[in-house]
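In what follows, chains are A, B, ... by sequence order, proteins preceding strands, each numbered from 1.
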There are 2 protein chains.
Amino acid sequence: MNLRELSEKLGLSQTTVSRALNGYPEVSDATRRRVVEAAAQHNYRPSSRAKSLATGRSMAIAHVIPVPARHEMVNPVFADFIAGASDVYAQSGYDMLLSVADDGDEEAIYRDLASRRSVDGVIVHAPRVDDARLQLLLSLGLPFVVHGRFGNATEGYSWLDMNNRRAFARATRFLTDLGHRRIALVNGVADMDFAARRADGYSGALDDVGIAADPALLLHGEMTEHHGYRSAHDLLAGVDPPTAFLASSLIIAIGIRRACEEAGLTLGRDVSLVTHDDDLSYFRNGTDEAIYTALRSPVREHGTLCARMLLQLVADPGTTPMTRLLEAELRVGHTTGPAPRDR
Amino acid sequence: MNLRELSEKLGLSQTTVSRALNGYPEVSDATRRRVVEAAAQHNYRPSSRAKSLATGRSMAIAHVIPVPARHEMVNPVFADFIAGASDVYAQSGYDMLLSVADDGDEEAIYRDLASRRSVDGVIVHAPRVDDARLQLLLSLGLPFVVHGRFGNATEGYSWLDMNNRRAFARATRFLTDLGHRRIALVNGVADMDFAARRADGYSGALDDVGIAADPALLLHGEMTEHHGYRSAHDLLAGVDPPTAFLASSLIIAIGIRRACEEAGLTLGRDVSLVTHDDDLSYFRNGTDEAIYTALRSPVREHGTLCARMLLQLVADPGTTPMTRLLEAELRVGHTTGPAPRDR
DNA sequence: TGCGGTGTTCAAAGCGCTTTGGCTTTCGGG
DNA sequence: CCCGAAAGCCAAAGCGCTTTGAACACCGCA
């Protein structure tokens with residue numbers, strides 16, 4: 001069933017039917033009712049392709065998520081982020097296009113999206129400290145919102161980020177206040193912007209209380225359980241092991257927990273652990289009471305907010321870039337305690 | 001830059017330019033070279049909207065993933081599944097559309113997809129035992145492939161599934177062979193098809209060795225860490241606790257592990273645990289050696305295979321439905337051991 | 001010289017919608 | 001009674017592509 005068929009069936013012109021369905025005023029109430037009814041009855045919906053061709057707007061947003069081919073790692077936070085974003089799209093009648101980009105073809109993907117005009121805007125994920133994408137995106141003229149930031153380039157484009165620096169400074173301070181002096185940070189890959197800011201907050205806070213940062217305690221890697229396990233395992237087996245861990249994600253924290261458990265150490269007593277917590281739907285950090293002491297920043301909400309920002313940008317391309325910095329909440333759970341006196 | 005502009009710049013007709021770019025034979029080599037070069041230079045790519053309108057194929061596949069509004073649970077396996085599928089799409093020039101469906105508007109989403117003709121096919125996720133979607137999908141005439149199966153309806157449509165029944169029967173048997181007689185299954189939501197099949201395999205295997213299934217040991221719920229923890233916690237605190245657990249996912253297993261740890265029980269010695277393992281990228285069950293004794297079936301591969309099936313179906317709608325049943329591999333890790341003699 | 005064949009190119013129609021710019025009809029006010 | 005405005009509807013153009021059907025030039029061959 002297409003517009004022509006529907007209008008013939010109704011004995012009206014395509015113009016009138018189109019206007020009736022799109023809520024234009026110059027259609028009588030009686031006619032509009034008839035049209036709307038017939039459309040519902042015949043299950044008619046305008047072809048999205050034809051509609052976008054005619055209007056010039058594709059009513060779709062792309063999310064480009066990087067999946068490095070070398071380790072095929074898909075960051076699990078995307079699932080929840082996307083769920084949050086898609087709520088917004090659904091309400092506004094937008095479709096969501098997902099592009100999985102290997103490091104190699106990242107640039108090609110953005111160019112493609114722009115020149116094929118398949119979407120009205122893009123959400124950019126996983127920005128790096130020094131990222132060629134910023135210039136590319138600006139040159140393409142496609143509205144975009146970044147989840148995170150591009151290193152020092154914090155102006156001239158729209159982004160939403162959590163205050164990684166402050167959050168991790170606060171967590172570090174929380175541990176030093178408990179008497180810990182050897183604190184390890186099990187972080188994400190070093191060139192990821194969020195990881196750099198977290199490392200920054202961590203070493204800044206150590207600095208503030210006069211603790212010299214030990215490079216051996218700062219570990220970068222993919223945000224996997226294995227990275228958490230291996231890092232903690234090696235550190236605990238080495239000389240002068242840390243008494244506390246900071247983890248960049250709950251998945252990493254689980255790995256750390258497994259290593260501690262194996263070493264016969266109890267979290268919150270022998271070893272302390274503070275983790276970042278994206279509040280993933282399948283891994284809530286406790287329902288009423290926190291299990292892990294954690295910095296919480298719900299990524300699903302990030303998705304919702306980014307999507308709203310982008311739609312606003314798309315609706316009014318003249319808008320000056322919007323930025324939004326969210327603070328994480330520190331929730332004290334059962335995985336932290338005073339530093340052991342001696343070991 | 002559009003086709004008209006490009007062809008004017010080249011002094012050729014749109015027809016010729018289009019044919020040159022699409023590899024039609026009736027264009028001289030010299031002309032084709034000129035056209036291809038100019039297109040690359042001006043960064044021209046045909047508008048996907050116009051192209052699909054003209055060809056009638058939208059060159060896009062939708063994935064409809066259910067996210068029940070009541071608990072907002074996003075199954076983390078989707079991320080890896082989708083990564084696998086999108087490889088295939090990228091190679092064939094397809095886009096991927098993601099629709100997040102609440103229980104309520106599931107039907108509306110499929111109807112919408114079909115009548116707006118925004119995609120050429122659909123991948124259906126999370127089928128239930130008794131699912132109205134099957135009839136709906138068949139009536140819509142949109143090619144589709146189901147990841148899983150719809151209960152007893154295993155014919156007349158294309159699906160890819162793992163052999164849940166056999167896998168869980170095997171795991172159960174593995175545990176009874178170790179002397180366990182009280183085995184709990186911490187499963188997914190009861191009306192999910194995969195959960196039903198797993199429960200089936202489990203109770204079938206118990207039957208075979210003459211153990212009466214205790215309904216108190218079969219627990220259904222969302223596939224969250226919390227579900228694993230709570231289930232194990234309650235069972236271990238109750239009378240006649242199980243000596244072994246079967247978990248329907250690694251996330252659930254982590255919850256079970258936490259409960260055991262809290263109860264002072266060591267996995268593999270005091271309590272045994274076999275889990276299903278989707279081989280998620282961020283949570284590999286060990287690199288060379290398995291951590292958890294597990295039934296492994298890589299969901300990323302499922303994604304790749306489903307996508308290939310669907311593209312084939314789209315290319316040739318006359319094809320008879322394809323089905324594919326994959327066997328899971330049992331890998332023995334450190335979480336299982338003989339049943340304790342007495343407790 | 002004429003003719004069919006071949007290789008190369010083009011004009012124009014059509015995909016299913018939106019939207020511009022009329023065209024009628026109705027109605028109230030002078 | 002006439003006129004202008006307003007309400008309601010429509011034909012046709014246009015969005016950017018593909019594809020049909022035809023044109024044209026050139027060839028070898030009879």
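- Regarding A/Leu21, its CG atom lies at a distance of 13 Å from the P atom of C/dT19, rounded to whole Å.
- Here the side chain of B/Glu26 is nearest to one of C/dC17, C/dT8, D/dG16, namely C/dT8.
- Within the structure, no pair that satisfies the ring pair (Phe, Tyr, Trp, His ring centres under 6.0 Å) test touches residues 29-58 of chain B, not counting sequence neighbours.
- As rounded to whole Å, 15 Å separates atom C1' of C/dA11 from atom CZ of B/Arg4.
- Put simply, CG on B/Leu12 is 14 Å from C1' on C/dA11, counting in whole angstrom units.
- By the 30° and 60° cut-offs, the orientation of the rings of B/His125 relative to B/His63 is tilted.
- Whole-Å rounding puts the B/Leu10 CG to C/dT9 P distance at 12 Å.
- Taking atom CZ of residue B/Arg116 and atom C1' of nucleotide C/dC15, one finds them 17 Å apart after rounding to whole Å.
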Would you list the protein and nucleotides 18-20 of chain D atom pairs, both N or O, that sit under 3.5 Å from each other?
from   : atom 1 : to      : atom 2 : distance (Å)
D/dT18 : OP1    : B/Asn22 : ND2    : 3.0
D/dT18 : OP2    : B/Ser18 : OG     : 2.4
D/dT19 : OP2    : B/Tyr24 : OH     : 2.6
D/dT19 : O4     : B/Thr15 : OG1    : 3.1

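- One interatomic measurement links the two molecules: CG of B/Leu53 to P of C/dC15, which rounds to 9 Å at whole-angstrom precision.
- Of the listed residues (A/Val64, A/Leu113, A/Val122), just one forms a side-chain contact (heavy atoms from CB on, under 4.5 Å) with A/Leu97, and that residue is A/Leu113.
- Between A/Ser47 and C/dG16 there is no side-chain polar atom (N or O) within less than 4.0 angstrom of OP1 or OP2.
- Using a 4.0 Å cut-off between charged side-chain N and carboxylate O, B/Glu5 and B/Lys9 make no salt bridge.
- Taking atom CG of residue A/Asn2 and atom P of nucleotide C/dG14, one finds them 14 Å apart after rounding to whole Å.
- Using cut-offs of 30° and 60° for the angle between ring planes, the B/His147 and B/Phe81 rings count as tilted.
- In this structure, A/Arg117 atom CZ and D/dG16 atom C1' are separated by 8 Å, rounded to whole Å.
- Partner of B/Tyr94 under the side-chain contact (heavy atoms from CB on, under 4.5 Å) criterion, chosen from B/Val119, B/Val88, B/Leu310, B/Leu311: B/Leu311.
- Around CZ of A/Arg32, the count of heavy atoms belonging to other residues, nucleotides or ligands within 6.0 Å exceeds 12.
- The residue A/Ser52 sits apart from the nucleic acid: no heavy atom pair falls under 4.0 Å.
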